[in-house]
Structures are given as C-alpha cells and as structure tokens.
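In what follows, a single structure is set out as structure tokens and then discussed.
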Amino acid sequence: MASLSQEPETVKFVLQNGVGLHSTETEPDLMDPKWQQQQMLEFIDIALEAEELGFDGVSSVEHHALSVTAPSPHLLLAAAAMRTSRIRLATAVTVLPLYNPIRVAEEAGMLDQLSDGRFELGIGRGTGEVERVSGGAIGPDESMARWVEGVELLHLALKGREFTFDGIFTKVQYPFTVPTLPLQDPLPVWTGARSLESVNRAAEKGWSVFRNVGTDEEHRTALEHYISVGREHGYQLSGANFMIERFIFIGETEEIARRNFERTAVNFARFRQHLSAGGRFTLPPSTISARSEGPATSGPPPDAVVIGTPDQVRAALNQTLANTGARRLMVETFSGDEMRLFAREVMPSLRQVGTALVNDGHT
C-alpha cells in the first residue's frame, strides 16, 4: 500500500475537509450538539465516498473555534479507519504545540495500527490565540518554542526505542519506548511549512511538506531549497514530497461555480470571526492571504482559491503543478456534487501530468 509520497511519476490527490465549513445551512446553530454531530458523521461518509471516487487520501483539519467541529482529528480519523480500507488518512494538521509530543507519537502509532498502515501524520503550529486556549492559553513565543522542541522529540519518539530526552517542556529521564509503534517504518510525516526555516526542519528529517498561501514562484523556491537540504542530509526528496493546497469551487458552468464560492465564503467569514474572537486577535497569513493588504472579509485565502468549470479548474491546477514542481495536491471541495465533479472531470487527466512532466525533465 503506497504512501502519499511514493510513486513520484503520478500526481496524487488528498481531499481536505474543514469539518463544519461544508454546511449548506444559511444560519446553523453552531452550539447545537446535534448540528456538530452531523458535521462529524458527514466527514466519515465523505471519507468513504472519497475512497470510492479514487482520491489517494483524505485529511482533517484541527481547529478549536466554533464553526469547525474538529478539535480532535485523530478521533475522526479513527472512526474513518473503521469504514474505509484503501484510502490514506491524514491530519492537516495536528497542532503540535498543544500536546506532549510523546502522546502525539502514541496516537499516531495507534491510528496507523487501526488503519492497517494507512495513516500519515501532518503537523503544524496552529492558527492563533483562540486555538492556543485548548493548550492552556500559551503565548506565541512559547508556542514557537514548543514547536521547535516538539518536532525534535516527535522525530525521536516515532523512530526511537529506549530513548531519553532533556527538553525545556518535556523531559524523558529514563529509557522509554512508545507502546504503540506505527506499522509503517518510517511513519510518513508532513509538515505545514510557510517559512524556509520550517522547510529546513522537514528536509533534515526526510519529512514531507505542504503549503497553501504564496505565489507559484515562492513554492518553487521552497521546493528547490527543500530538495537541496534533504540531499545534504541523505534524503532523496522530490515534488512527490511536496503538496500544495487548493480550495476548489467547481461547477458545470462558471455561474454555478461562483455560487458555490459565495455560499462557502459566508461559512468562512463566520469561522474567521470565531477564530479571531470577534476581531480581538490578528489572524495569521495562512487563514487569509500571503499578499493581502489587510484582513480578508470572506472566503478562503485568495492565493489558494480556484473557481470555475472542470476545464478551467483543470487548467489552473495543471499550471500550478508545472510552475511549482509539486506532484501532490490537497484539494478541498465544499459539497458532494463538487467533490464528484472534480473526481470525474479533473482528477483522471491531471494524474497523467506527473508522468509527462517527469519525462520532460521537470522535477
């Protein structure tokens, strides 16, 4: 069973899901446990259908604000593992600074065992003050320090047996082995990496990278840097280890695609209000745009949005692959009809793009 970063000659697709952002209700009661439950159950159904449609993976966000009902993506993916059999299951992302990295390694091992070796761990720092409340209201400086230390300890815990660790936040003073080691060796790890510093950390460990906001040129520069640093540390990395996220609004006509965007933009605006605590906190670029002059009022980050017919979406993603060198796409559609249309009309032809680009000498 190939991991997402294997088989570099083909393009692979991961279906991302912002659990709750897909709601078609105009005024949902976000505090109603029944509404929240419905979003979680729909995620499980989406994972199963994504497998049937031929997606290579399905991933869940982690957020700790109203509108998105996914504070624990590991629990959601454990449920999805029981309903699926082939599709890869990933977090995008597990917010590492909120947890003891050893606990993350333990749960990653459990998920890999429950899914029979299909789990891929995505890690990141999180998206702001409201998110950090779940981890004890830690500040941004502590969050960064926990992230840097957490990456090192997680790397050790996932691969080490009888390890010790002398950190600021976590100390392992006697030899310890994670009791639930992953079936995959090594477990695939993906790192959300906007900065070249984060790209470095991933490349040094042979971990894969995903990015959303930024220009194609910035992504290409990051990929080339990533491959170079990986080579220095003994890893042969490529565009198959490099994933670009795109929010897809697709329809049989441009008008339908635009309506799909406008519907979802309302959900994003509502979520952004909760994520910023009603505007009390400034949101990071990953929730708006790397090139925004000011905070966006609605919709996903403009850098990462694609709107149009199947032909237009296919052309845009083809251009993204050619310009960035990435061979993995994380796509988020926001309705069942859009997911099916994308799988039927866009995915098959784009899969072959990877082979054509490799044969043409593009990496």
Side-chain angles (χ1 to χ4, degrees), residues 14 16-21 36 39-40 43 58-78 89-111 119-155 157-158 167-170 187-195 197-199 201-202 205 207-213 243 245 271-272 274-277 281-288 300-301 330 332:
V14 175
Q16 169 75 319
N17 192 275
V19 188
L21 293 177
Q36 296 168 356
Q39 311 315 304
M40 298 180 211
F43 171 82
V58 64
S59 58
S60 170
V61 299
E62 175 183 341
H63 283 304
H64 300 268
L66 285 172
S67 289
V68 173
T69 59
S72 178
H74 294 183
L75 285 176
L76 277 175
L77 292 174
L89 306 171
T91 54
V93 296
T94 298
V95 184
L96 188 60
L98 300 185
Y99 308 106
N100 183 320
I102 294 176
R103 181 57 182 259
V104 173
E106 290 174 333
E107 293 191 4
M110 289 183 68
L111 278 166
F119 179 60
E120 309 218 359
L121 175 64
I123 58 171
R125 282 189 59 209
T127 54
E129 299 289 339
V130 169
E131 304 277 64
R132 292 194 286 268
V133 168
S134 179
I138 61 177
D141 291 341
E142 182 178 341
S143 173
M144 174 58 82
R146 286 183 177 274
W147 165 251
V148 173
E149 178 177 305
V151 164
E152 299 305 320
L153 179 52
L154 177 67
H155 183 243
L158 286 173
I168 297 172
F169 304 103
T170 307
L187 180 81
V189 178
W190 293 78
T191 303
R194 282 197 67 244
S195 69
E197 185 179 8
S198 292
V199 169
R201 288 196 187 94
K205 294 170 176 56
W207 290 352
S208 299
V209 161
F210 52 75
R211 294 162 59 92
N212 54 12
V213 296
M243 189 180 306
E245 181 179 17
F271 170 57
R272 193 172 286 116
H274 292 296
L275 193 61
S276 66
F281 304 120
T282 301
L283 297 178
S286 60
T287 65
I288 42 178
M330 176 178 287
E332 184 160 7

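Just so you know, these numbers come straight off a predicted model, no measurement behind them. Position 1 is the first residue of the sequence; numbering continues from there.
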Quiz item: Minimum heavy-atom separation for S59 to Q16, with atom names?
Solution: OG-OE1, 2.5 Å

Practice problem: Keeping the roles fixed (side chain from Q36, backbone from T69), state whether a donor-acceptor pair exists under 3.5 Å. | Solution: no

Practice problem: Might you work through the side-chain contact (heavy atoms from CB on, under 4.5 Å) test for T191 and V151, ending with a clear yes or no? | Solution: CA-CA 10 Å; T191 303; V151 164; 6.0 Å; no

Self-check item: Interatomic spacing from CD1 in I168 to CD in E142 - rounded to 0.5 Å
Solution: 10.0 Å

Quiz item: Sequence neighbours excluded, which residues qualify as salt bridge (Lys or Arg N to Asp or Glu O under 4.0 Å) partners of E245?
Solution: none

Quiz item: So, for A90 and F119, which heavy atoms are closest and what is the spacing to 0.1 Å?
Solution: CA-CE1, 4.3 Å

Quiz item: Less than 4.5 Å apart, any side-chain heavy atom of V61 and any of L21?
Solution: no

Quiz item: Is the side chain of T91 donor-acceptor paired with the backbone N or O of G122 at a distance under 3.5 Å, no angle test?
Solution: yes

Practice problem: Give the intermediate values and the outcome of side-chain contact (heavy atoms from CB on, under 4.5 Å) for residues K205 and V189. | Solution: CA-CA 9 Å; K205 294 170 176 56; V189 178; over 6 Å; no

Exercise. Quick one: closest heavy-atom pair of S67 and H274, and the distance?
Key: OG-CD2, 3.6 Å

Quiz item: For the side chain of E107 and the backbone of H74, is there at least one donor-acceptor N/O pair under 3.5 Å apart?
Solution: no

Quiz item: How far apart are the closest heavy atoms of G150 and P101, and which atoms are they?
Solution: CA-CG, 3.6 Å

Quiz prompt | Within-4.5 Å side-chain heavy-atom neighbours: R146 and L96 | solution = no

Quiz item: Is R201 close to V148 at the side-chain level, that is, under 4.5 Å between some pair of heavy atoms?
Solution: yes

Quiz item: Run the side-chain contact (heavy atoms from CB on, under 4.5 Å) check on L89 and L111 step by step: do they pass?
Solution: CA-CA 9 Å; L89 306 171; L111 278 166; over 6 Å; no

Quiz prompt | Minimum heavy-atom distance V93-E62, with the two atoms named | solution = O-CB, 3.1 Å

Self-check item: Test item: F169 and L153 side chains (from C-beta on) under 4.5 Å apart, heavy atoms
Solution: no

Quiz prompt | Test item: R125 and S143 side chains (from C-beta on) under 4.5 Å apart, heavy atoms | solution = yes

Quiz item: Does H155 have any side-chain hydrogen bond (donor to acceptor under 3.5 Å, both in side chains) partners at least two apart in sequence or in another chain, and if so, which?
Solution: none

Practice problem: Answer yes or no: is there a side-chain heavy-atom contact under 4.5 Å between W190 and M330? | Solution: no

Quiz prompt | Closest approach of A70 to L76 (non-hydrogen atoms, all atoms of both residues) | solution = CB-CD1, 4.0 Å

Quiz item: Looking at CD of E106 and CG of L158, how far apart are the two atoms once the value is rounded to the nearest 0.5 Å?
Solution: 10.5 Å

Quiz item: Is there side-chain contact between I123 and W207, with heavy atoms separated by less than 4.5 Å?
Solution: yes

Practice problem: Keeping to residues at least two apart or across chains, list the salt bridge (Lys or Arg N to Asp or Glu O under 4.0 Å) pairs with something in residues 91-100. | Solution: none

Practice problem: To the nearest 0.5 Å, tell me how far Y99 OH sits from T170 OG1. | Solution: 14.5 Å

Quiz prompt | Test item: H64 and L98 side chains (from C-beta on) under 4.5 Å apart, heavy atoms | solution = yes

